[in-house]
2 protein chains.
Amino acid sequence: MKRDPRNILQQYKLKNTPVRVSVLEVLLGSRVALSHNDITERLKGKDIDKVTLYRTLNSFTEKGLTHKVPTEDRNWLYAIFDEDLLRPATDHYHAHFVCNKCDKIYCLPVEEHQSMQNSSIKMGFKVLSSEVRLHGLCPVCQ
Amino acid sequence: MKRDPRNILQQYKLKNTPVRVSVLEVLLGSRVALSHNDITERLKGKDIDKVTLYRTLNSFTEKGLTHKVPTEDRNWLYAIFDEDLLRPATDHYHAHFVCNKCDKIYCLPVEEHQSMQNSSIKMGFKVLSSEVRLHGLCPVCQ
DNA sequence: ACTGATCTTGCAACTCAGTTGCATATTCTG
DNA sequence: CAGAATATGCAACTGAGTTGCAAGATCAGT
């Protein structure tokens, strides 16, 4: 019940429209973060306007439903923040794994890396949040 | 002597041209990573072509002189990788601190965060490199 | 120091992701 | 079910970054 697109949209105060349901289904169905392009591909036949898709993804992100990840090559990837939809996307600690071979981005659970932050604090920086990006080979590609 | 632009260019097998010297001086003179735009600003009067600047920065990065940082808002920032020019920019472990107030990006020394990587390896990911981004308030802004 | 191969520069024209404005359609609250 | 609020689709635009090309600068070898 929890993962029903319509419920989720309502939960995040987003109007329930066919486009949003389709996009959300695609995102829910993917283990990895998807680009605007990826989503368009997976919605071939539904013929969703590119502007609408941008706006949809931005609405999702604004409301905290999805997480917008900047990539090395200046693209945005979007992913449902938490598989269980329990934690909001405003959480402070993120980690992403970028596969060098297939370029897919995986969201990983991250424990805080206290030592990193401590040394920054010593240098006069006040750390409020952090993002960790790991590069390498994903389980599929190695 | 070490920080003389001409010497540095030579050291990195880059041809010594007026444009490159100017750009390098700007980068050397900045404690923070600069965007194409920032650099253009600081070179007002020298009237450097935007394409040339892009190509210059890319050459620098290819040769390992500078470090190209993708920002939240889809810009690139460029910074001399190491203040002492001792370590090449091809090093695998990077950390950046992004100030929430002034939006400046600082390069920070980073010790490896082994626990992070270990847990990824357990999950089937092979970690080859990593990037850490910390957000918060820099010494100037707090 | 001069020559020539090689790399750099500057300009114009282009590409492409993403945005804006606006008119129309849809949602959902009362 | 009516009406305000929001979403959609289209066309035209924006702006960072790229490409092609001709002219200019660099530097190694003589």
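All values reported here derive from a predicted model rather than from experimental measurement.
Following rounding to the nearest Å, B:Tyr54 (OH) and C:dC16 (C1') show an atom-to-atom distance of 14 Å. Between B:Asp38 atom CG and D:dA16 atom C1' the separation is 14 Å, expressed in whole Å. To the nearest angstrom, P of D:dA7 lies 12 Å from CG of A:Asn58. Taking atom CD on A:Glu62 and atom P on C:dT19, their separation rounds to 11 Å, with Å as the unit. A straight line from OH of A:Tyr78 to P of C:dG18 spans 6 Å, rounded to a whole angstrom. Atom pair A:Leu14:CG and D:dA7:P shows a separation of 7 Å (rounding to whole Å applied). D:dG17 atom C1' lies 13 Å from atom CG of B:Asn37, rounded to whole Å. Per the geometry, NE2 belonging to B:His36 stands 9 Å off P belonging to D:dT18, to the nearest Å.
Residue side chain B:Lys50 reaches the base of D:dG17 through a donor-acceptor N/O pair under 3.5 Å, judged by distance alone. Counting distance only, with no hydrogens placed and no angle test, the side-chain atoms of A:Arg55 and the base atoms of C:dG18 include no donor-acceptor pair under 3.5 Å. In this model, no side-chain donor or acceptor of A:Lys15 finds a partner on the base of C:dT26 within 3.5 Å.
Side-chain contact between A:Arg20 and A:Phe60: present, with at least one pair of heavy atoms (C-beta onward) separated by less than 4.5 Å. Residues A:Leu28 and A:Ile8 have side chains in contact (heavy-atom distance under 4.5 Å, counting atoms from C-beta outward).
OP1 or OP2 of D:dT8 has at least one side-chain nitrogen or oxygen of A:Thr56 nearer than 4.0 Å. Between D:dA25 and B:Thr17, no contact under 4.0 Å exists linking OP1 or OP2 to a side-chain N or O. For C:dT8, the OP1/OP2 oxygens have no side-chain nitrogen or oxygen of B:Thr52 closer than 4.0 Å.
Scanning all heavy atoms of the two residues, the minimum distance from A:Asp38 to A:Ala33 falls at OD2-O, 4.4 Å. Contact between B:Lys63 and B:Lys13 at its shortest, heavy atoms only, is NZ-O, 3.1 Å. Considering all non-hydrogen atoms of both residues, B:Ile39 and B:Leu34 come closest at CG1-CB, 3.8 Å.
Comparing B:Val19 and B:Val51 along DNA chain C, the residue whose closest nucleotide (by nearest heavy atom) sits nearer the 5' end is B:Val19.
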